[in-house]
Amino acid sequence: MRLALFSPLSCVLWSPRVWCQEPPPRIHLVTFTSDPNYQRAFEASLTAKEEFAAHWGYSWEVFNDNTIDCDQFRPFRWRGDFRYCKLQALKTIWSRVRKLQKSETQLPPRRDYIFWHDVDTHMMKPEIPLTHFLERANYTPMVFTENALSLNNGVFFLQVDQGPAKRFFSAWRKGCRQREWPWADNGCMYEVLLQLLGGEQYRGSCRRFSQESFNESQPEPLTGEDLMNCFNSEMSSLGLGCCDRKLQDFAFLTGEDSFNHHPCEELLKKPKLQEFDRTLIRSHCFKEGMFMVHSKNLTYAQESLRRVRALKSEL
């Protein structure tokens, strides 16, 4: 007889300590910053996130190029390569969490999720716990914000497991070690997703927007929007286009549950988006009431800290 993971009978079999409900997941907030000046500029937002993590009982880590060796992942040639440090930071925290998991013998096991957040993202609704989004996603291993414009990995959840999340993460790291990609770790993630989700149906058509080798005079290909459009087109051809991607191991949240949108006014002014439908842009941009905003506007950083401290003062 095969037991469901948390069936009533399994509660009995796990005695003498009886668990009849899965314990809440542990969540680990992680980011990376390469420039002390950049970190100082967003200090208010980072402080807000740290205090948010303490408020809700999450772990917290800010890596920099002194605490991780990005060259272990891929050679560092120019400043833009710092973006690939995300994958080394994720690997570091993944290994740490796996070590914790292996040290635990108490049943039932707890799920662990990494919550990656770029430094220039800001919490605007700190009263919402991160478990809210995991519940909305039915505890899917990978959770992103849906976006018909450009799927962005500036904020996402990644479960630390030995199943689909590990396969995705391993493929992402492998894919980002090869070739030169526009938008660095985000660009190569497009190709990895197409390979994983498309299988033999995807013929690698989007790879042409990357470079095989490093070009010192043009270290990053200027083909980001082309790659983005190719990704969107290929996903649609696979029946996985925005905004109803029915995938077993990935969730793409929309509407008020979005947690990684840029401000509407910033997107509407972008030269590369001038040909996009204005209604489409407004459907995938930050609106007051959403959990986070992705922006280099420091007004959001200060407001984020104010809101987190207002939440703490209510206790």
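Model, not experiment: these values are computed from the prediction. Along the sequence shown, residues are numbered consecutively beginning with 1. Heavy-atom basis, side chains included; hydrogens, waters and symmetry copies ignored.
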Between atom CG of Asn229 and atom OG of Ser233, what is the distance when rounded to the nearest 0.5 Å? 8.5 Å
In Å and rounded to the nearest 0.5 Å, what is the CG to CD distance from Leu311 to Glu51? 10.5 Å
Nearest atoms (heavy-atom pairs only) where Thr131 meets Tyr139: O-OH, 4.4 Å
When rounded to the nearest 0.5 Å, the distance separating SG of Cys206 from CH2 of Trp181 is 8.0 Å
Would you say the side chains of Ser45 and His122 form a donor-acceptor pair under 3.5 Å? yes
Could you walk me through whether Val30 and Ile93 pass the side chain to side chain contact (heavy atoms under 4.5 Å, CB included) test, one step at a time? CA-CA 8 Å; Val30 185; Ile93 202 70; 3.7 Å; yes
I'd like to know if the side chain of Tyr190 pairs up with that of Ser150 as donor and acceptor (distance under 3.5 Å, no hydrogens or angles considered). yes
Could you tell me whether Arg306 and Glu303 have a side-chain N and a carboxylate O separated by less than 4.0 Å? yes
CD of Gln274: more than 12 outside heavy atoms within 6.0 angstrom? yes
Quick check: are there more than 12 heavy atoms from other residues, nucleotides or ligands sitting under 6.0 Å from NZ of Lys287? yes
Under-4.0 Å salt bridge between Asp35 and Arg79: yes
Which heavy atom in Asp65 sits nearest to a heavy atom in Phe32, and how many Å separate them? N-CE1, 3.6 Å
To the closest 0.5 Å, what do you measure between CH2 (Trp172) and CG (Asp185)? 5.5 Å
Begin with the C-alpha distance, continue with both residues' side-chain angles, and end with the deciding distance and a verdict on side chain to side chain contact (heavy atoms under 4.5 Å, CB included) for Met124 and Tyr300. CA-CA 8 Å; Met124 307 307 289; Tyr300 289 113; 4.0 Å; yes
Is Arg307 salt-bridged to Glu288, going by a charged N under 4.0 Å from an acidic O? yes
Side-chain donor/acceptor of Lys86 to backbone N/O of Asn153, under 3.5 Å: yes
Suppose we call two aromatic rings close when their centres sit under 6.0 Å apart. Are Phe157 and Phe115 close by that rule? yes
Partners meeting ring-ring contact (aromatic ring centres under 6.0 Å, His included) with Tyr84 (sequence neighbours left out): none
If you compare all heavy atoms of Pro182 against all heavy atoms of Leu227, which two are closest, and at what distance to 0.1 Å? CG-CD2, 3.7 Å
Could you label the plane-to-plane angle of the His262 and His294 rings as parallel, tilted or perpendicular, counting under 30° as parallel and over 60° as perpendicular? parallel
Does this structure show an ion pair linking Glu265 with Lys270, if we count only N-O contacts that are shorter than 4.0 Å? no
Do the side-chain N and O atoms of His55 and Lys312 include a donor-acceptor pair separated by under 3.5 angstrom? no
Verify the distance criterion only: is there a donor paired with an acceptor across the side chains of Thr140 and Asn138 at less than 3.5 Å? no
Would the Phe76 and Phe82 ring centres measure less than 6.0 Å apart? yes
Of all the heavy-atom pairs spanning Leu273 and Arg278, show the shortest one and how long it is. O-NH2, 2.6 Å
Might you point out which heavy atoms bring Gln211 and Pro219 nearest each other, and give the distance in Å? NE2-O, 4.5 Å
Passes side chain to side chain contact (heavy atoms under 4.5 Å, CB included), Leu267 versus Phe286? Steps please. CA-CA 10 Å; Leu267 293 178; Phe286 173 78; over 6 Å; no
Strictly below 4.0 Å, N to O, side chains only: are Glu191 and Arg179 in salt-bridge contact? no
Around atom CD of Glu256, are there more than 12 heavy atoms from other residues, nucleotides or ligands closer than 6.0 Å? no
Using distance alone, with no hydrogens and no angle criterion, decide if Gln88 and Arg74 have a side-chain donor and acceptor under 3.5 Å apart. no
So, Asp118 and Trp116: side-chain donor and acceptor under 3.5 Å apart, yes or no? yes
Is the Phe168 to Phe250 ring centre distance short of 6.0 Å? yes
Salt-bridge criterion met for Glu220 and Arg83 (N-O under 4.0 Å): yes
Can you find a side-chain donor-acceptor pair between Asn147 and Asn152 that sits under 3.5 Å? no
Value rounded to 0.5 Å, distance of OH in Tyr113 from CE in Met142: 9.5 Å
With sequence neighbours excluded, tell me which residues meet side-chain hydrogen bond (donor to acceptor under 3.5 Å, both in side chains) with His284. none
For Glu234, which residues count as a side-chain hydrogen bond (donor to acceptor under 3.5 Å, both in side chains) partner, sequence neighbours excluded? Ser205
Contact summary for Cys176 and Phe73, nearest pair of heavy atoms: CB-CZ, 3.8 Å
Pairs where residues 87-109 contributes a residue and the test ring-ring contact (aromatic ring centres under 6.0 Å, His included) is met, not counting sequence neighbours: Trp94-Phe169
Heavy-atom neighbours of Gln248 CD exceed 12 at 6.0 Å: no
Sorted by chain and number, sequence neighbours left out, side-chain contact (heavy atoms from CB on, under 4.5 Å) with Ala53 holds for Leu29, Tyr58, Trp60
Do Asp112 and Gln101 have side-chain N/O donor and acceptor atoms under 3.5 Å apart? yes
Within a 6.0 Å radius of atom CD on Gln218, are there more than 12 heavy atoms belonging to other residues, nucleotides or ligands? yes
Between OG1 on residue Thr254 and CD on residue Glu146, distance to nearest 0.5 Å: 7.5 Å
Considering residues at least two apart in sequence or located in another chain, which fulfil the disulfide (SG to SG under 2.5 Å) criterion with Cys243? none
For Ser295 and Glu266, test the side chains for any donor-to-acceptor distance below 3.5 angstrom and give the result as yes or no. yes
Under a 4.0 Å threshold between the charged nitrogen and the carboxylate oxygen, would Lys125 count as salt-bridged to Glu127? yes
Would Asn215 and Glu180 count as a side chain to side chain contact (heavy atoms under 4.5 Å, CB included) if you check the C-alpha gap in whole Å, the side-chain angles of each, and the deciding distance to 0.1 Å? CA-CA 9 Å; Asn215 181 355; Glu180 304 298 322; over 6 Å; no
Residue pair Lys49 / Thr121, side-chain donor-acceptor N/O under 3.5 Å: yes
